[in-house]
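All remarks here apply to the structure that follows.
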Amino acid sequence: MSTNTDSPRRLRRPEWAGRNYTLLTGAAFITSLGSHGALIAAAFAVLEAGGDGGDVGLVAAARTLPLVVFLLIGGAVADRLPRHRVMVAANALNCVSQGLFGVLVLTGEPRLWQMMVLTALGGTGQAFFSPAAEGMLLSTVQGEQASRAFAMFRMAMQGAAVGGAALGGAMVAAVGPGWVLAADAVAFAAAGALRSFLDVSHIAPREPGGGLLSDLREGWREFTGRPWLWGVVVQFSIANAVVGAADAVYGPLVARDHLGGAGPWGLALGFFGAGTVAGALLMTRWKPRRLLLAGTLCVFPLALPSAALAVPVSVELLCAAMFVTGVTLEVFGVSWMTALHQEIPENKLSRVSAYDWFGSVALIPLATALAGPAETAFGRTSALWGCSALIVLVTALVLTVPEVRNLRRRSKHVTSAEPAVAVERAPESA
């Protein structure tokens, strides 16, 4: 009898896992599952259409360029309009662009410019979606269990990456990239439907402001006033650029020439996803007091995959390197979200997230577009070793910022802007 009486209590959701959190997590799982397969499919669609490494880089850059151009506008819009409506509209655009890309690949020989245009539409949707989504998630979770909630959210999202990357690589090899792109379009449609049911009544109505430019300036002041914030964003603007070039351009080429094609590369990306799941699981239990110090130290292993591709190592060793990178990078990811949650006011979350995203992806179009010419000029091996060296260098430099070393976890998040230096004097949580 006691077992039956206690069962409903055991099945009850944690306090922080409310309706919005559940919808956001489910939608993120679906889109992550589709998108990780689609990244592989897009690269091999270009290669199967007769393209080379430079063409793969151009298509990747076509997605990131509008992401950079529209991110700041997307952040300002998401702090003005209901965030869930911005997210649903962006999902609809991604659904259409990926669906047309899939049809184009399935029905004929796609031209490079066509693939670039459709990929650019997807990047535009992502530019409006990302700040709204991050602001929505950060405003949904409250209390001392925020870091655990973020870890569980990321674990679900990255868990989908394990299946998405492995399944995407296998599907590309079995049925071709067109069907993988079509499946991604369906995933965006399903996720958009879930996000349409989000409740934004807990978010206070925005006060009339001075316009879009005024909102952007206010977000800029919030961003530049925190050295830990812009320091880490500058770090990742470089790190993400070289990782983007390695993953989008060099990885598929090394896989084709040395590892056996799309299947092994998808498997390696799947191991990275498995590592992120393990890292998120770790962060449901571990709460480092110096958030950014622990997170930044865990960025150094991000140099491992590029080094492994430079050798190149066997598929087994590449998968091991990707797994370790996934674990440590997730420690940074959860620590970073927790820092934003506790330090940034709710009504500025999307704008600050937009500046974060903008800095983090600003150099990716240039890096991916130059990946092909860099391979021609220096050789693929030297280019990959250069990627690893840059990651180590910028990560070491960001550790010289005092706030990065000293920003501490605390139990309550900020409700109004205050200097980041005050965090160093805040009492540590248990």
Side-chain angles (χ1 to χ4, degrees), residues 20-21 23-25 27-28 31-32 35 63-94 120-141 146 150 153-154 157 188 191-192 195-196 198 200 202-206 209 211-226 229-230 232-234 236-237 240 333 336-365 413-414 417:
N20 275 3
Y21 178 86
L23 288 171
L24 288 168
T25 303
T31 51
S32 183
S35 296
R63 177 177 181 82
T64 313
L65 183 59
L67 180 62
V68 172
V69 171
F70 293 110
L71 257 174
L72 299 183
I73 298 174
V77 168
D79 273 341
R80 279 180 168 265
L81 301 179
R83 289 173 179 145
H84 70 308
R85 293 182 182 176
V86 178
M87 296 164 69
V88 171
N91 283 166
L93 179 58
N94 283 124
L121 287 176
T124 302
Q126 188 70 26
F128 285 87
F129 173 83
S130 295
E134 188 158 319
M136 190 72 192
L137 178 63
L138 293 176
S139 67
T140 295
V141 178
F150 297 144
F153 173 85
R154 292 176 67 92
M157 185 177 65
F188 275 116
R195 287 165 176 142
S196 67
L198 289 168
V200 295
H202 67 288
I203 300 177
R206 307 303 184 207
L212 186 64
L213 290 179
S214 177
D215 286 350
L216 291 175
R217 286 194 295 268
E218 187 177 5
W220 176 250
R221 287 193 296 269
E222 190 75 27
F223 176 75
T224 57
R226 303 172 186 271
L229 180 58
W230 61 258
V232 171
V233 170
V234 169
F236 269 85
S237 69
N240 284 344
W336 181 247
M337 291 187 72
T338 305
L340 292 176
H341 175 263
Q342 75 173 27
E343 298 302 318
I344 306 300
E346 189 280 328
N347 65 334
K348 299 176 184 176
L349 281 172
S350 289
R351 277 169 288 173
V352 170
S353 295
Y355 280 105
D356 174 18
W357 274 87
F358 178 82
S360 297
V361 304
L363 296 180
I364 293 179
H413 68 279
V414 174

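Everything numeric here is computed off the predicted structure, so don't read it as measured data.
Closest of all the heavy-atom pairs between Met87 and Ala132 is CG-CB, 3.8 Å. In terms of heavy atoms, Ala191 sits closest to Thr31 at CB-CG2, 3.2 Å. Heavy atoms only, all atoms of each residue included: Leu93 and Leu121 are closest at CD2-O, 3.6 Å. Residues Arg83 and Ser350 come closest through the heavy atom pair NE-OG, 3.1 Å. Nearest heavy-atom pair across Met157 and Ser32 is O-OG, 2.8 Å.
Interatomic distance, Leu363 CG to Asn240 CG, rounded to the nearest 0.5 Å: 9.5 Å. Atom CG of Leu71 and atom CZ of Phe129 lie 12.5 Å apart (nearest 0.5 Å). One finds the CZ atom of Phe128 at 12.0 Å from the CG atom of Asn94 (value rounded to the nearest 0.5 Å). Rounding to the nearest 0.5 angstrom, the gap separating the CG atom in Leu229 from the CH2 atom in Trp336 is 4.5 Å.
Ile344 places a side-chain heavy atom less than 4.5 Å from the side chain of Arg226. Counting heavy atoms from C-beta on, the side chains of Met136 and Arg195 never come closer than 4.5 Å. Using a 4.5 Å heavy-atom cutoff, the side chains of His84 and Leu23 are not in contact.
Thr25 is linked by a side chain to side chain contact (heavy atoms under 4.5 Å, CB included) to Tyr21, Phe153, Ala156, counting only residues two or more places apart in sequence or in another chain. For Phe188, there are no ring-ring contact (aromatic ring centres under 6.0 Å, His included) partners two or more places apart in sequence or in a different chain. Taking the ring-ring contact (aromatic ring centres under 6.0 Å, His included) definition, one finds that Tyr355 meets it with Trp220, Phe223, sequence neighbours left out. Applying the side chain to side chain contact (heavy atoms under 4.5 Å, CB included) criterion to Ser130, with sequence neighbours excluded, gives Gln126, Trp357. Scored by the side chain to side chain contact (heavy atoms under 4.5 Å, CB included) test, Ala354 finds Leu72, Pro131 as partners (sequence neighbours excluded). In this view, Ala339 and Trp228, Leu291, Leu292, Leu407 satisfy the side chain to side chain contact (heavy atoms under 4.5 Å, CB included) rule, not counting sequence neighbours.
Formation of a donor-acceptor pair under 3.5 Å by the Arg351 side chain with backbone atoms of Glu222 is not found in this model.
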